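A short worksheet on the structure shown next.
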Amino acid sequence: MTTKNLVGALCSPSPDPDGPEVQLLIGQMYLNKGQFAQAFGMFAVAAQSGQAQALTMLGRAYEQGWGVKRSVAQAVKYFMAAAEQGDGWACFNLGDLYLSGDGLEENPELAFQYYVQAACKGVSKALNMLGTLCENGMLTAQPDKAQARLYFKAGAEAQDCWAAFNMGRLALEEEDYVSAAQWFERSLPHGFPDYWRTVELFLRVIPMSVFQVIADKAQKLLFATTRSRQYPLDQIGLNTSL
């Protein structure tokens, strides 16, 4: 199916002359303000260009129900179209959908393949998901913590906060408190409100001062940023952050 077939019926035949990059930014501004119908309109206009990121954002709108009736089937169509162009976030989103079985048949093997494609395109969050699949034994029914650690470490070094969190969690399980504290500390600058809230709650129950200090830092970051809720374009595939 062509891009024209996918998006042609969604908006007027004359797209905004500013181009898809500007249209995406305008759509993002609407999204940040909670004006979902307007955001959807801009994403639909941008997607007429066939540009991969615009198709991905239109897919996200359908997946999340931003200004349109939620439709996983429609989301998958746009993600597939963007993934065919090599868009990493489209691959990541497909991985999430196949992993969760949300609106389509659950398929961990296919999810793994899409996460690999996303990771190869530089989406660091995909490395964390690959680690999660290995740790939980979702592919072989046999947990592989050693392989999981390799993925988590790669993701953490690529500045994914959840991968760094998982490195800290594994270090805690091994009672390597120095390494655990370092990984949790390292994750904070790359987090977001829901992440900082999780870190604070997780570390508050550990009766060691070093972890209480990190929990305090997470709490301060949370308080400083919860006045505005945004959906950054560089995190369009992070379902857990929205």
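Excluded from the calculations below are hydrogen atoms, water molecules and symmetry mates; all remaining heavy atoms, backbone and side chain alike, are included. Please read these numbers as outputs of a predicted model, since none were measured by experiment.
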field: For the student: nearest non-hydrogen atoms of Leu188 and Ala218, plus distance
entry: CD2-CB, 4.0 Å
- line: To the nearest 0.5 Å, atom CE of Met138 lies from atom CD of Glu109 at 9.0 Å
Atom pair CD/SG of Gln117 and Cys91 - distance to nearest 0.5 Å: 4.5 Å
query: Which heavy atom in Gly88 sits nearest to a heavy atom in Val123, and how many Å separate them?
result: C-CG2, 3.6 Å
query: Closest heavy-atom contact between Leu110 and Asn107?
result: N-OD1, 2.9 Å
query: Do Met80 and Lys77 come within less than 4.5 Å of each other through their side chains, counting heavy atoms only?
result: no
query: Which distance, rounded to the nearest 0.5 Å, do you find between the CG of Asn166 and the CG of Leu172?
result: 11.5 Å
field: Pairwise side-chain contact, Glu157 with Arg186, heavy-atom cut-off 4.5 Å (strictly under)
entry: yes
task: Quick one: do Arg149 and Glu174 satisfy salt bridge (charged side-chain N to carboxylate O under 4.0 Å, His left out)? Show the steps, please.
output: CA-CA 13 Å; Arg149 186 188 301 276; Glu174 297 167 355; 2.4 Å; yes
message: Contact between Gln51 and Gln23 at the side-chain level, heavy atoms closer than 4.5 Å - yes or no?
response: no
query: Going through the checks in order, is the side chain to side chain contact (heavy atoms under 4.5 Å, CB included) test met by Glu173 and Lys145?
result: CA-CA 12 Å; Glu173 291 177 4; Lys145 189 167 289 189; 3.1 Å; yes
field: Criterion side chain to side chain contact (heavy atoms under 4.5 Å, CB included) on Tyr151 and Asn128, from CA distance to verdict
entry: CA-CA 6 Å; Tyr151 284 125; Asn128 179 65; over 6 Å; no
Interatomic spacing from CZ in Phe192 to OG1 in Thr198 - rounded to 0.5 Å: 7.5 Å
query: Given the rule that I, L, V, M, F, W and Y join up when any side-chain heavy atoms are under 4.5 Å apart, are Leu170 and Ile214 in one cluster?
result: no
task: Take Asp160 and His190, measure what side chain to side chain contact (heavy atoms under 4.5 Å, CB included) needs, and give me the verdict at the end.
output: CA-CA 7 Å; Asp160 178 62; His190 310 297; over 6 Å; no
statement: What one should report as the nearest heavy-atom pair of Ala181 and Val210 is CB-CG2, 3.8 Å
task: Could you tell me whether a side-chain N or O of Thr140 sits under 3.5 Å from a main-chain N or O of Gly137, the two making a donor and an acceptor?
output: no
query: How far apart are the closest heavy atoms of Leu99 and Met129, and which atoms are they?
result: CD2-CE, 3.5 Å
field: Residue among Phe36, Phe40, Phe79 satisfying ring pair (Phe, Tyr, Trp, His ring centres under 6.0 Å) with Tyr62
entry: Phe40
- prompt: Are Asp96 and Lys125 ion-paired here, with the side-chain N under 4.0 Å from a carboxylate O?
  reply: no
- request: Treating Ile, Leu, Val, Met, Phe, Trp and Tyr as nodes and any side-chain heavy-atom pair under 4.5 angstrom as an edge, say whether Tyr78 and Leu31 lie in one connected cluster.
  value: yes
message: Tell me which pairs pass ring pair (Phe, Tyr, Trp, His ring centres under 6.0 Å) where either residue lies in residues 196-222, with sequence neighbours left out.
response: Phe165-Phe202, Phe184-Phe202
- prompt: When clusters are formed by joining ILVMFWY residues with side-chain heavy atoms under 4.5 Å apart, either directly or through shared neighbours, do Phe152 and Trp183 land in the same one?
  reply: yes
message: Does any part of the side chain of Met57, heavy atoms only, come nearer than 4.5 Å to the side chain of Met42, both counted from C-beta?
response: no
- request: Could you give me the CA-CA distance, side-chain angles and deciding distance for Glu185 and Lys217, then say whether side chain to side chain contact (heavy atoms under 4.5 Å, CB included) is met?
  value: CA-CA 9 Å; Glu185 180 89 31; Lys217 291 180 180 180; 2.7 Å; yes
query: Do the side chains of Leu104 and Val76 get nearer than 4.5 Å, heavy atoms only?
result: yes
- request: Indicate yes or no for a side-chain donor-acceptor contact from Gln212 to the backbone of Arg204 under 3.5 Å, with no hydrogens or angles considered.
  value: yes
query: Within the distance-only criterion (no hydrogens, no angle test), does the side chain of Gln35 pair as donor or acceptor with the backbone N or O of Gln38 below 3.5 angstrom?
result: no
message: Side-chain heavy atoms nearer than 4.5 Å, only ILVMFWY residues, links allowed to pass through others: does that put Met29 and Leu25 together?
response: no
- request: State, yes or no, whether a side-chain contact exists between Phe92 and Trp89 at a heavy-atom distance under 4.5 Å.
  value: yes
field: Flag, side chain of Gln85 to backbone of Gly50, donor-acceptor distance under 3.5 Å
entry: yes
query: Do NZ/NE/NH1/NH2 and the carboxylate oxygens of Glu63 and Arg60 come within less than 4.0 Å?
result: yes
- prompt: Do Gln142 and Asp144 come within less than 4.5 Å of each other through their side chains, counting heavy atoms only?
  reply: no
- prompt: Is there a chain of hydrophobic side chains (I, L, V, M, F, W, Y, each step under 4.5 Å between heavy atoms) that links Met167 to Leu133?
  reply: no
message: Tell me the closest heavy-atom pair linking Ala119 and Leu130, and the distance in Å.
response: CB-CD1, 4.3 Å
